[in-house]
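Letters A, B, ... mirror the listed sequences (proteins, then strands); counts begin at 1. Treat the numbers as computed from the prediction; the structure is a model and nothing was measured.
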Number of protein chains: 2
Amino acid sequence: MKNASDAKKSPARPPTLEDVARAAGLSPITVSRALNTPDIVRPKTVAKVKEAVQLTGYIPNMLAGGLASRRSKLIAVVVPQINNSMFIDTIQAISDELALRNYHMLLCVSGYSPETEADIVSTLLSRRPDGIVLTGIHHSSELKKCVLNAAIPVVEIWDLTPTPLDMLIGFSHEKIGNALARFMLGKGHQRFGLIWTPDQRAALRHKGILDVFATHTGLTFTDSHVPLPATIARGREAMAQLLDRGEQYSAIICSSDTLAQGAIFEAQSRGLRVPEDVAVIGFGDLDFAQCTLPPLTTVKVDRWKIGQQAATLLADKIEGLPVAESVVDIGFTLIERGSA
Amino acid sequence: MKNASDAKKSPARPPTLEDVARAAGLSPITVSRALNTPDIVRPKTVAKVKEAVQLTGYIPNMLAGGLASRRSKLIAVVVPQINNSMFIDTIQAISDELALRNYHMLLCVSGYSPETEADIVSTLLSRRPDGIVLTGIHHSSELKKCVLNAAIPVVEIWDLTPTPLDMLIGFSHEKIGNALARFMLGKGHQRFGLIWTPDQRAALRHKGILDVFATHTGLTFTDSHVPLPATIARGREAMAQLLDRGEQYSAIICSSDTLAQGAIFEAQSRGLRVPEDVAVIGFGDLDFAQCTLPPLTTVKVDRWKIGQQAATLLADKIEGLPVAESVVDIGFTLIERGSA
DNA sequence: TTGTATGCGTTATCAT
DNA sequence: ATGATAACGCATACAA
């Protein structure tokens with residue numbers, strides 16, 4: 001009587017493989033196989049196991065499983081911040097693809113400091129993830145040592161380099177900067193305002209712009225630096241400061257769409273018409289870009305694909321599948337809409 | 001010679017506690033203590049251990065540690081979607097607070113289906129998380145059984161109920177609906193358009209509005225349902241459809257700020273003035289709400305605090321600390337700005 | 001197709 | 001303050 005009810009009710013300790021095995025009249029390892037590799041187990045046996053699992057309320061212990069198999073089915077993802085419109089689609093895409101492949105995502109925030117990133121990665125490594133996604137290509141040497149030593153697949157995202165740690169999927173920020181500058185110059189603009197955040201990748205786009213600017217004469221530009229995170233509010237403030245200087249700008253180039261939209265709001269609130277009085281261009285092609293007034297001219301990057309591909313590369317490599325190209329430039333597109 | 005280099009170079013297998021112990025001339029358990037509870041170990045011994053850790057490049061294995069100690073230092077977080085402006089600040093807050101407390105975050109996406117959520121939670125449980133954060137209060141009975149059986153602390157967020165699974169931090173969507181309706185009615189509006197997404201919590205706010213509407217006479221309202229996710233683009237489309245019906249609306253109530261901003265853009269693009277010709281109110285007080293043209297009238301919820309508190313409640317309960325109140329209504333504020 | 005023996009790397013428990 | 005021993009729950013390697 002007592003035992004019968006104990007078997008159904010919550011036991012002191014959660015049921016293990018052994019409990020299931022006992023209930024099914026099999027050995028633990030057979031139960032393990034029935035659960036993990038049902039193809040190599042007789043269907044009848046699998047059925048018996050499933051029944052026993054149901055009966056016991058068994059839930060596998062992946063800590064134990066991972067320890068024994070040396071595969072955790074865990075992917076660590078490190079981003080500068082989660083609540084950032086730029087990265088969030090990529091994160092979602094990673095999560096989705098990983099779920100399809102039966103991995104779980106360990107998500108961590110590194111801020112924009114390589115030291116913090118290194119700390120985070122070193123503790124992350126103690127989870128024995130099967131792979132890791134890192135944002136950007138600028139890491140501390142300590143981090144590189146750690147990660148390389150862990151000997152797990154790595155994907156760096158959101159940037160490009162000929163010398164990635166392992167795999168990489170991103171695009172060239174400098175080329176985007178070049179494209180931005182050429183486009184605006186092509187529109188005849190000469191007096192620029194630049195609204196910019198201080199992160200590494202934005203700096204690269206900035207450099208790309210300046211490199212093109214340097215080949216032209218007669219143009220002027222004014223920098224306005226805003227702190228992270230890049231919000232619409234910060235864009236408005238920066239634009240306000242720029243306009244308060246009393247200078248004239250024919251065009252404002254922003255390091256992100258949020259900043260750009262903020263700049264547009266500020267310009268409009270002062271009665272300036274966009275793009276007639278001042279043109280504004282952003283970066284990111286965030287979801288709102290196409291439906292603002294005027295719609296935002298910007299640079300589109302397939303943020304979703306970055307995540308989907310990163311997860312795929314990782315899972316493929318972990319599972320020993322052939323990985324076609326391990327360094328992927330997904331490129332970008334300048335989308336001309338109404339604002340510039 | 002060979003051994004000397006082997007010790008420094010990457011060994012076939014990563015160093016274990018035993019390797020560190022050998023290098024330090026101590027027993028593994030002492031090394032474990034020096035690392036986890038340095039206070040109960042002689043300072044000199046701790047120093048020796050740290051040196052040995054450095055030397056060997058030891059990285060703890062939390063799979064093994066978690067298995068032995070039955071504490072994984074893992075918190076599972078389940079949200080309907082990651083790339084959703086509503087949840088993302090909460091997620092970031094959870095992550096930040098958890099990092100402070102030395103936990104890692106396992107983040108999963110459930111969509112808006114209770115069945116999917118149940119599946120996800122049951123696989124998540126196999127990681128033996130020390131606690132779990134669930135979005136909302138509507139879960140399948142299967143999920144409830146699983147979670148309760150796992151006997152781990154649970155926090156439900158973003159909603160309110162007198163009967164949570166365990167702990168809860170949220171607010172009343174119905175009351176927000178009430179407040180929304182009263183505010184608009186107070187402004188003298190009589191002809192409403194409602195732009196709404198089909199998720200559970202939005203439905204509650206909708207109900208809250210209708211309950212108040214029911215107590216008034218002479219008002220009319222038209223529903224416009226939009227699919228998830230709630231984007232600015234969807235808001236524009238819905239507003240366009242509403243306006244194309246040829247009816248007149250004095251006010252539009254939207255289930256989110258993004259939808260509201262979309263509605264505003266659409267109205268403005270048709271030459272309608274907001275709020276003079278049509279008032280618009282949203283929900284969420286997303287970061288852009290205060291700086292749009294006109295600034296958005298909306299309902300503010302402390303999304304950050306929800307996350308921070310959820311993580312704190314969980315960590316406290318896990319660590320046996322006293323938990324003051326395990327059901328927290330963080331309330332909301334209707335913020336009147338320019339759009340309504 | 002199923003089972004046996006063993007080890008994964010750590011911590012709990014009890015001892016000294 | 002430190003150590004010896006025995007789990008923790010599962011999968012690998014090999015055997016039958």
Compare every heavy atom of Ser110(B) with every heavy atom of Val78(B), then report the nearest pair and how far apart it is.
-> CG1-CB, 3.7 Å
Give the minimum heavy-atom separation between Ser95(B) and Leu107(A), together with the two atoms involved.
-> OG-O, 4.3 Å
According to the ring-ring contact (aromatic ring centres under 6.0 Å, His included) rule, which pairs have a member within [range], sequence neighbours left out?
{"range": "residues 145-164 of chain B", "answer": "Phe87(B)-Trp158(B), Trp158(B)-Phe171(B)"}
{"range": "residues 124-157 of chain B", "answer": "none"}
{"range": "residues 96-129 of chain A", "answer": "none"}

Pick the nucleotide of DNA chain D nearest each of Leu17(A) and Thr30(B); which residue has the one closer to the 5' end?
-> Thr30(B)
Could you list, one pair per line, each protein nitrogen or oxygen that sits under 3.5 Å from a nitrogen or oxygen of nucleotides 12-16 of chain D, together with the distance?
| from | atom 1 | to | atom 2 | distance (Å) |
| --- | --- | --- | --- | --- |
| dT12(D) | OP1 | Arg71(A) | NH2 | 2.7 |

Taking the side chain as every heavy atom from C-beta outward, state whether Val155(A) and Leu168(A) have any pair of such atoms under 4.5 Å apart.
->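 No, too far: nothing below the 4.5 Å cut-off.
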Contact list for DNA chain C against residues 57-66 of chain B - heavy-atom distance below 4.0 Å = Tyr58(B), Pro60(B), Asn61(B), Ala64(B), Gly65(B)
Thr312(B) and Gln308(B): side chain donor to acceptor below 3.5 Å |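 On atom types as modelled, these side chains qualify, holding a pair under 3.5 Å.
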Result block: side-chain N/O donor-acceptor pairs under 3.5 angstrom for residues 18-25 of chain B, not counting sequence neighbours:
| from | atom 1 | to | atom 2 | distance (Å) |
| --- | --- | --- | --- | --- |
| Asp19(B) | OD1 | Arg22(B) | NH2 | 2.9 |
| Asp19(B) | OD2 | Thr16(B) | N | 2.8 |

With [X] via side chain to side chain contact (heavy atoms under 4.5 Å, CB included) - residues at least two apart:
{"X": "Arg70(B)", "answer": "Arg13(A)"}
{"X": "Ala99(B)", "answer": "none"}
{"X": "Gln92(B)", "answer": "Gln81(A), Ile82(A), Asn83(A), Val109(A), Asp96(B), Trp304(B)"}

What parts of residues 34-51 of chain A reach DNA chain D, counting only heavy atoms under 4.0 Å away?
->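 Output list: Asn36(A).
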Sequence neighbours excluded - side-chain hydrogen bond (donor to acceptor under 3.5 Å, both in side chains) pairs with any residue from residues 26-45 of chain B = Ser27(B)-Thr30(B), Ser32(B)-Asn36(B)
Leading and trailing nucleotides of DNA chain C with any atom under 4.0 Å from heavy atoms of chain B |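 Span of nucleotides near chain B: dC8(C) to dA12(C).
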N/O (side chain, Arg70(A)) to phosphate O (OP1/OP2, dC10(D)) under 4.0 Å |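 So the side chain of Arg70(A) is outside the cut-off, no N or O lying under 4.0 Å from OP1 or OP2 of dC10(D).
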Show your working on side chain to side chain contact (heavy atoms under 4.5 Å, CB included) between Leu143(B) and Ser140(B) and close with a plain yes or no.
-> CA-CA 5 Å; Leu143(B) 179 147; Ser140(B) 75; 3.5 Å; yes
Looking for any heavy atom pair under 4.0 Å, which part of the strands does Leu67(A) touch: base, sugar-phosphate only, or nothing?
-> base
